[in-house]
Every structure is written in C-alpha cells, then in structure tokens.
Amino acid sequence: MLRLRQAGEYFVAILILVVIWYVYVIAFDVPAFIVPLPSDVGKALIEMFSAQDLLHHFFVTSGEVLAGFVLGIVFGYLVGYLIGRYKFLEEALMPYILLAQTAPKIALAPLFVIWFGLGFTSKLMLIVSMVFFPVMLGAIFGLKSVTYNLRCLMQITGLNWWQKIIQVELPYSLPQIFAGLKVGMVQAVIAAIVAEWISGESGLGYLLVFNSTTYNSPMLFASIIYTIVVGIIFYALISFLENRFLFWHDSKQVK
C-alpha cells in the first residue's frame, strides 16, 4: 500500500509538471525549437523507442555506467578502508586526494581523452574518478563510526582481520557506504554522458549532442528524458540493495 501511494504521488507530480509545461508554452507562445509541447516530446519518445538504435545507445551508456561504478566502488572502498584504518595514511594521502578532487572532473575530461584515447578507456576513467571520492568518504566515515566498545569486543573475541571486516566493520559501515554509493551513482551517470559528449560515437550522450546540433528540440528533450530514466533505474537499484542489506537499521523501520 505504501509503495502504491508513493507511485501515485510521483505520477501526480509528473502530471502537474506536464500541465505547467503545456500552459507555459501556450500562454507565452514559446517557439517549438526552444521548448516544444509535451505532446511533441511524447511523439519523439515513442519514435525513439520504436527505433532499433535506441536500445543500442541505452545499453552502451548503461554498460559504461555499470563498469565505471563497479571499479569506482572497488578502488574507493579499498582506499577508504585503508585511510580509515591507519591514521598515518590519512595524514599522508588525504591532502593529495582532496587536491585532486577539487579539480573539476568535467573540465579534465579532454585530458582523459588525450591520455587514454577516444575509446572506452577514457570514458571509464572519467566515471571511476567521479565515483571514487564519495565511495571513499562513505567507507572512511563508516569505519570511523565503529564504536570503541565494538573494537574492544572484536579484540576480546580474537577475530582476525578478515572476520573483523565481514562480521563487524562492513555491516556497521553500510549506512554511510550506501550514502556514498547513491552520490556515486548520480556522478557516474553524469560522467558517462559528459564523456559521450566529448568522445562518443554512441550512447545517450551522443544522442544529446546529435539532436542539439540538428536543432531537433523534441528529440533532444526525449533524449534527456531517456537519460533521466537511466539514472532512475540505477538509483533505484542502489535503493533496492540498501533496503535488502539495511533492513535492520532504524532508518528502514516503518514509523
């Protein structure tokens, strides 16, 4: 019942947005090449969906996002765990990591193309660089949230380093880790689209550029919507996994 109510709320919100959009275009006589009517965008959505190449572009972008996200999780959690576990590594590495993170990754995208070429590797590296930092921070804050009493208990019970990670540190860190994963997933989608703008010959980012250069506003809006769909699908997947693994957490209890 709760999920049906949430779905209904989302539907009403989208309906209100479409109505406002339609009224704005009609009331102010906005040219179609600037803001098309919702009906025109709807036709473009159907036209793109019926075309065979849409699924190709959709899966290209999704594959890039998934591959970069997984690698970003691996490197982010590994570095975050080491920094959270060893104080000297935090003091030695964090200044350099923060310095690298403050550099705008979008502006560095052309450098990735120069360093790694126009193919899949440059896109993958850009996505990994965007996912790495939020996942790393989630791992650090999660590890530091383990209480002193729990650490003493692990010491008393004689757990080895692997048992400490699997049985205590990882489960206790999951709320912060999933918070980092959600931010990282949004960043991954953004990075994939930007990478396809610069060096892509396929993918939803390529469709955005193509429809923009041809001034096909309905198709451009439709491409944006399909890009949003990709982000929603992956974000919903992270939320699903969060609910599965954090069913015991207070934040998941029905009030």
Side-chain angles (χ1 to χ4, degrees), residues 1-62 64-66 69 104-107 109 126-127 130 134 179 181-198 200-240 242-243 251 254-255:
M1 183 62 70
L2 180 60
R3 292 183 179 179
L4 288 176
R5 179 181 176 183
Q6 291 176 341
E9 291 175 350
Y10 289 139
F11 176 78
V12 171
I14 294 173
L15 182 61
I16 292 173
L17 177 62
V18 171
V19 170
I20 294 174
W21 177 2
Y22 183 84
V23 171
Y24 169 76
V25 173
I26 296 299
F28 293 93
D29 195 22
V30 181
F33 71 91
I34 297 178
V35 181
L37 287 170
S39 57
D40 295 334
V41 176
K43 294 176 183 177
L45 284 169
I46 296 173
E47 183 179 344
M48 289 184 68
F49 186 77
S50 61
Q52 294 181 355
D53 60 343
L54 174 64
L55 288 179
H56 169 70
H57 294 298
F58 187 89
F59 285 119
V60 166
T61 300
S62 298
E64 293 167 354
V65 170
L66 187 59
F69 186 65
K105 298 298 184 299
I106 306 303
L126 179 60
I127 297 170
M130 296 281 280
L181 291 180
K182 287 183 175 180
V183 176
M185 177 52 72
V186 174
Q187 297 278 61
V189 175
I190 294 173
I193 298 302
V194 171
E196 289 169 353
W197 284 354
I198 297 174
E201 295 181 353
S202 59
L204 296 177
Y206 167 78
L207 290 182
L208 288 171
V209 174
F210 178 79
N211 291 318
S212 175
T213 54
T214 56
Y215 295 94
N216 192 336
S217 291
M219 284 294 186
L220 177 59
F221 273 70
S223 301
I224 293 172
I225 292 174
Y226 280 122
T227 303
I228 294 172
V229 169
V230 171
I232 291 175
I233 290 174
F234 280 110
Y235 190 88
L237 177 60
I238 298 299
S239 297
F240 172 78
E242 181 184 32
N243 292 331
S251 63
V254 178
K255 298 284 193 300

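- A heavy-atom distance below 4.5 Å is not found between the side chains of Leu181 and Glu242.
- Considering every non-hydrogen atom in both Ala192 and Val65, the closest pair reads CB-CG2, 3.6 Å.
- Listed here is the closest heavy atom pair of Phe234 and Ser62: CZ-O, 3.6 Å.
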- Item | Residues Thr227, Leu207; criterion side-chain contact (heavy atoms from CB on, under 4.5 Å); working and verdict | CA-CA 10 Å; Thr227 303; Leu207 290 182; over 6 Å; no

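- The two atoms that bring Ala44 and Pro218 nearest to each other are CB-O, 3.5 Å, heavy atoms only.
- Inter-residue side-chain proximity for Lys182 and Pro134 is flagged as unmet; no heavy-atom pair is nearer than 4.5 Å.
- Across all non-hydrogen atoms, the minimal contact from Val35 to Trp21 is CG1-NE1, 3.2 Å.
- At least one side-chain heavy atom of Val60 sits less than 4.5 Å from a side-chain heavy atom of Glu196.
- Here the straight-line distance linking atom CD1 of Ile193 with atom CG of Leu126 works out to 11.5 Å at 0.5 Å rounding.
- In this structure, the separation between CE on Met48 and CG on Leu55 is 10.5 Å, given to the nearest 0.5 Å.
- Taking CG of Leu66 as the start and CE of Met185 as the end, the distance is 7.0 Å to the nearest 0.5 Å.
- Summarising the geometry of Tyr206 relative to His57, their closest heavy-atom pair is CD2-CE1, 3.8 Å, with the distance given to 0.1 Å.
- Proximity of Asp40 to Phe221: side-chain heavy atoms (C-beta onward) are nowhere separated by under 4.5 Å.
- The two atoms that bring Ala222 and Val41 nearest to each other are N-CG1, 4.1 Å, heavy atoms only.
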- Could you go through the side-chain contact (heavy atoms from CB on, under 4.5 Å) check for Leu37 and Ile26 one step at a time? CA-CA 8 Å; Leu37 287 170; Ile26 296 299; 3.8 Å; yes

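- Using a distance-only test at 3.5 Å, with no hydrogens or angles considered, no donor-acceptor pair links the side chain of Thr61 to the main chain of Phe58.
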- Between Leu220 and Asn216, does a side-chain contact (heavy atoms from CB on, under 4.5 Å) hold up when you go through it step by step? CA-CA 6 Å; Leu220 177 59; Asn216 192 336; 6.0 Å; no

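- Annotation: the span from Asn243 atom CG to Ile238 atom CD1 amounts to 11.5 Å, rounded to 0.5 Å.
- Tyr22 places no side-chain N or O within 3.5 Å of a backbone atom of Ser39 that could act as its donor or acceptor partner.
- At least one side-chain heavy atom of His56 sits less than 4.5 Å from a side-chain heavy atom of Ser202.
- Residue Leu204 holds its CG atom at 7.5 Å from OG of Ser223, rounded to the nearest 0.5 Å.
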